[in-house]
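A quick write-up on the structure given underneath.
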Amino acid sequence: MSKPSATPEEQQPPVDTSDIPELDDDFFSRAELRVPAKQTVTIRLDADVLAWFKEQGAGYQTRINQLLRQYMQAQQRR
């Protein structure tokens, strides 16, 4: 039986992180969390699409937002 092909990630050499300093308590004490502002909207989705997202469990609205963001970023790169 043949061995499956390596994924692109497995074909890459490991990244050398030795020149990156450790993040210490000082870094985290000065760090600021920046969360994008959310806006409440009403959106009409096909019933089966909404049902599928809800079936995935809690956080379905976050997943919808993530997919919309990925689509937006892909369109911006065009």
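Numbers here simply count residues along the sequence, with the first being 1.
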Same cluster for L68 and V49 if Ile/Leu/Val/Met/Phe/Trp/Tyr side chains link at under 4.5 Å?
-> yes
Is there any side chain to side chain donor-acceptor pair (under 3.5 Å) pair reaching into residues 32-59, and which pairs are they, with sequence neighbours excluded?
-> E32-R34
Output a table of donor-acceptor pairs, distance under 3.5 Å, between side-chain atoms of residues 59-67 and any protein atom two or more places apart or on a different chain; print 'none' if there are none.
| residue | atom | partner | partner atom | Å |
| --- | --- | --- | --- | --- |
| R63 | NH1 | A58 | O | 3.1 |
| R63 | NH2 | G57 | O | 2.9 |

Distance-only donor-acceptor pairs under 3.5 Å for side chains of residues 19-31, two or more places apart:
| residue | atom | partner | partner atom | Å |
| --- | --- | --- | --- | --- |
| D24 | OD1 | D26 | N | 3.3 |
| D24 | OD1 | F27 | N | 3.0 |
| D26 | OD2 | R30 | NE | 3.2 |
| D26 | OD2 | R30 | NH2 | 3.3 |
| S29 | OG | D25 | O | 3.4 |
| S29 | OG | D26 | O | 2.8 |

